[in-house]
Protein chains: 2
Amino acid sequence: MGLSNISELRKREIVEAFYQTAIKEGLESTSIAKIAKTLEIQPSLIVHYFKSKDELITALIDHCLELYLKIFEKAYLSNEDPLEMLISLISSMFSKDWNDLFDDGVYYSAYAMVFREPSFREKFSKIHKELREKLSSLLKDCHDTKAINCNNPNETANRIFFLLDGTYFFINMLSTQKEQNEHLKQSKLLAFEMLGLKK
Amino acid sequence: MGLSNISELRKREIVEAFYQTAIKEGLESTSIAKIAKTLEIQPSLIVHYFKSKDELITALIDHCLELYLKIFEKAYLSNEDPLEMLISLISSMFSKDWNDLFDDGVYYSAYAMVFREPSFREKFSKIHKELREKLSSLLKDCHDTKAINCNNPNETANRIFFLLDGTYFFINMLSTQKEQNEHLKQSKLLAFEMLGLKK
DNA sequence: CAATAAATTGAATGGTTGTTCAATAAATAG
DNA sequence: CTATTTATTGAACAACCATTCAATTTATTG
């Protein structure tokens with residue numbers, strides 16, 4: 001037990017270094033050697049823990065999922081009422097909190113890989129689905145407690161994510177921070193509208 | 001004139017080979033050597049036309065813009081009435097036509113670069129803006145001829161692209177083709193709704 | 001303490017990267 | 001036909017790449 005801890009710790013450390021390096025250099029041009037340099041260890045040690053670069057990327061995507069799930073946990077833990085949880089969650093999703101969680105460049109690079117590597121597609125789809133299902137489940141709770149009227153939580157959750165994906169893709173094409181914030185705000189309002197909440 | 005034609009032709013050829021190779025191998029791992037191999041020429045010849053790899057990527061993004069603009073031209077040329085143009089354009093945008101125009105993997109890879117390289121961001125933003133403005137201009141024509149009611153063409157165009165970006169990001173996270181088509185269809189209906197057209 | 005297993009190093013491998021440069025082939029112009 | 005410009009080749013460069021493997025250090029166990 002104490003043994004595998006060291007191993008798991010190292011793995012986490014490597015994935016974190018991978019992520020940090022990828023932010024600066026780009027996901028695809030982050031080499032094992034560069035990760036090793038960041039950690040001041042030998043490249044061969046990384047290979048010892050991750051047999052291939054693909055394994056590293058898979059681990060990074062998992063790491064990403066964990067981060068996103070924390071936003072959900074936070075909304076759950078800091079509220080008691082399902083409706084309050086929902087409001088807190090949607091507010092987080094359409095705010096800097098969500099956007100700053102994971103580096104955009106790394107995220108879209110990983111997303112781009114989906115089109116060439118089926119195993120990445122599976123992994124990435126799974127994250128997306130898991131997050132949608134989490135939201136769907138919360139929507140169902142809100143519906144059951146008559147806090148909102150939502151007959152098809154699955155579809156509604158899909159539409160929220162739909163809006164979310166579009167929002168973040170779009171705002172990065174806007175030049176000024178001011179424009180970006182304005183659009184993010186509008187999207188948040190639209191999301192609350194979709195849920196029948198004025199806020 | 002005849003001279004620079006050869007030069008321009010070669011440049012186009014190289015960009016096309018770059019694109020084709022990027023589809024298979026990924027944008028970031030497409031090297032000058034690989035492009036040269038595809039064209040059966042020397043790597044140094046590519047360097048002769050494009051001083052750096054960044055120049056090549058910039059040219060590829062321009063190539064991408066040209067392709068998207070063709071969809072607009074097609075809608076303009078095959079219709080006389082602004083409203084018909086609009087209906088034809090929206091139909092194209094929310095269909096396979098639009099999605100098949102440029103490889104998703106290459107597109108999102110280029111998009112990811114935006115976050116690390118300011119010059120790419122500028123280039124990419126310009127494409128996005130140019131397309132939005134094209135649509136906005138058409139919306140204005142439709143409003144002026146009283147075909148639709150659209151007081152703020154700019155904002156409406158933004159929302160259409162907003163929906164478009166979200167749609168294509170989202171549907172690639174769905175596993176089956178059937179689900180993807182279903183969502184694309186729904187988005188198209190939503191777009192027409194946003195324009196006050198039932199279709 | 002001794003034996004075993006895991007973590008880590010360091011060197012070596014063969015291949016690929018972007019870029020430079022002089023030499024050659026082809027096209028253009030006077 | 002000659003001079004000049006342009007297109008293209010081919011070789012060389014040092015830097016970096018992922019991966020391998022035996023040697024060594026460190027930790028765990030009996």
Side-chain angles (χ1 to χ4, degrees), chain A residues 1-61 106 109-110 112-113 116-117 119-120, chain B residues 1-61 106 109-110 112-113 116-117 119-120:
Chain A
M1 197 191 281
L3 178 73
S4 67
N5 256 1
I6 288 178
S7 167
E8 282 306 313
L9 232 71
R10 256 278 187 258
K11 278 192 169 189
R12 277 191 167 271
E13 209 178 15
I14 291 170
V15 172
E16 182 60 30
F18 181 24
Y19 175 51
Q20 293 301 331
T21 315
I23 291 174
K24 286 171 205 150
E25 315 248 358
L27 183 62
E28 308 223 33
S29 38
T30 296
S31 62
I32 291 177
K34 281 178 189 165
I35 304 169
K37 201 173 226 172
T38 313
L39 288 172
E40 286 178 324
I41 57 172
Q42 294 296 323
S44 48
L45 185 56
I46 294 175
V47 178
H48 178 247
Y49 287 108
F50 300 92
K51 276 163 200 163
S52 72
K53 209 187 164 185
D54 283 8
E55 256 184 46
L56 257 172
I57 293 169
T58 305
L60 182 61
I61 298 178
V106 178
S109 283
M113 288 181 175
R116 268 167 285 121
E117 184 54 54
S119 68
F120 291 153
Chain B
M1 197 190 280
L3 180 73
S4 68
N5 257 0
I6 288 178
S7 168
E8 283 306 313
L9 231 71
R10 255 279 188 257
K11 277 192 171 189
R12 276 191 169 273
E13 208 177 17
I14 290 169
V15 172
E16 182 60 30
F18 181 23
Y19 176 51
Q20 293 300 331
T21 314
I23 291 174
K24 287 171 206 150
E25 314 248 358
L27 182 63
E28 309 223 33
S29 38
T30 296
S31 62
I32 292 176
K34 281 177 189 165
I35 304 170
K37 201 173 228 173
T38 313
L39 288 172
E40 287 179 324
I41 56 172
Q42 294 297 320
S44 48
L45 186 57
I46 293 174
V47 179
H48 178 247
Y49 287 107
F50 300 92
K51 276 164 199 164
S52 70
K53 208 188 165 184
D54 283 8
E55 256 185 46
L56 256 172
I57 293 169
T58 305
L60 182 61
I61 298 178
V106 178
S109 283
M113 287 181 176
R116 268 167 284 120
E117 184 55 52
S119 68
F120 291 153

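To find a chain, count down the sequence lines: A is the first, B the second, and so on, and within it residues start at 1. Not measured: the values here are computed from a predicted model. When reading the values below, keep in mind they use all heavy atoms of this one structure, side chains included, and skip hydrogens, waters and symmetry mates.
The side chain of B/S44 approaches D/dT9 more closely than any other nucleotide in the set D/dT9, C/dT8, D/dT8. Of the listed nucleotides (D/dT20, C/dT20, C/dG18), C/dT20 has the atom at the smallest distance from the side chain of B/V47. Relative to the side chain of A/I32, the nucleotides C/dA7, D/dT8, D/dA18 differ in distance, and D/dA18 lies closest. The B/A33 side chain lies nearest to C/dT17 when the options are C/dT17, D/dT19, D/dG10. Closest to the side chain of B/S7, from the set D/dA7, C/dG10, C/dT20, is D/dA7.
When Watson-Crick and G-U wobble pairs are counted only if both distances are under 3.5 Å, D/dT25 pairs with C/dA6. Shown here, C/dT20 forms a base pair with D/dA11; the pair counts as Watson-Crick or G-U wobble because both key distances fall under 3.5 Å.
When side chains are defined from C-beta on, B/Y49 does not count as touching B/L56, because their heavy atoms never get closer than 4.5 Å.
Put simply, CD on A/E13 is 13 Å from C1' on C/dA7, counting in whole angstrom units. Remark: P of D/dT26 and CD1 of A/I41 are 16 Å apart, rounded to the nearest angstrom. Atom-to-atom, CG of A/L39 to P of C/dT9 comes out at 10 Å; the value is rounded to the nearest Å. Protein atom NE2 of B/H48 is 14 Å distant from nucleotide atom C1' of C/dA27, rounded to whole Å. Atom-to-atom, CD1 of A/I6 to P of D/dT29 comes out at 10 Å; the value is rounded to the nearest Å. Distance CD1 (B/I46) to C1' (D/dT9): 13 Å, rounded to an integer number of Å. Following rounding to the nearest Å, B/L45 (CG) and C/dT20 (C1') show an atom-to-atom distance of 15 Å. Put simply, CD on B/E8 is 10 Å from P on D/dA7, counting in whole angstrom units.
Look at A/R116 and A/E28 and you find a salt bridge, because one of the NZ, NE, NH1 or NH2 atoms lies within 4.0 Å of a carboxylate O, short of that distance.
For B/S52 and C/dG18, a side-chain-to-base donor-acceptor distance below 3.5 Å is absent, hydrogens and geometry of angles not being considered. For B/S31 and C/dG18, a side-chain-to-base donor-acceptor distance below 3.5 Å is absent, hydrogens and geometry of angles not being considered.
Contact annotation: A/K34 reaches the phosphate of D/dC17 (side-chain N/O to OP1 or OP2, under 4.0 Å). Within the structure, a side-chain polar atom (N or O) of A/Q42 is placed less than 4.0 Å from OP1 or OP2 of C/dG10. The phosphate of D/dT8 has OP1 or OP2 within less than 4.0 Å of a side-chain N or O from B/R10. Residue B/Y49 places at least one side-chain N or O closer than 4.0 Å to OP1 or OP2 of D/dT8.
With hydrogens and angles disregarded, a donor-acceptor distance shorter than 3.5 Å links the side chain of B/E55 to the backbone of B/K51. Side chain of A/K11 to backbone of A/F50: no donor-acceptor contact under 3.5 angstrom is found.
A/I41 pairs in a side-chain contact (heavy atoms from CB on, under 4.5 Å) with only one of the listed residues (A/R10, A/H48, A/E13), which is A/R10.
Pairing each heavy atom of B/K53 with each of B/L27, the nearest pair is NZ-O, 4.3 Å.
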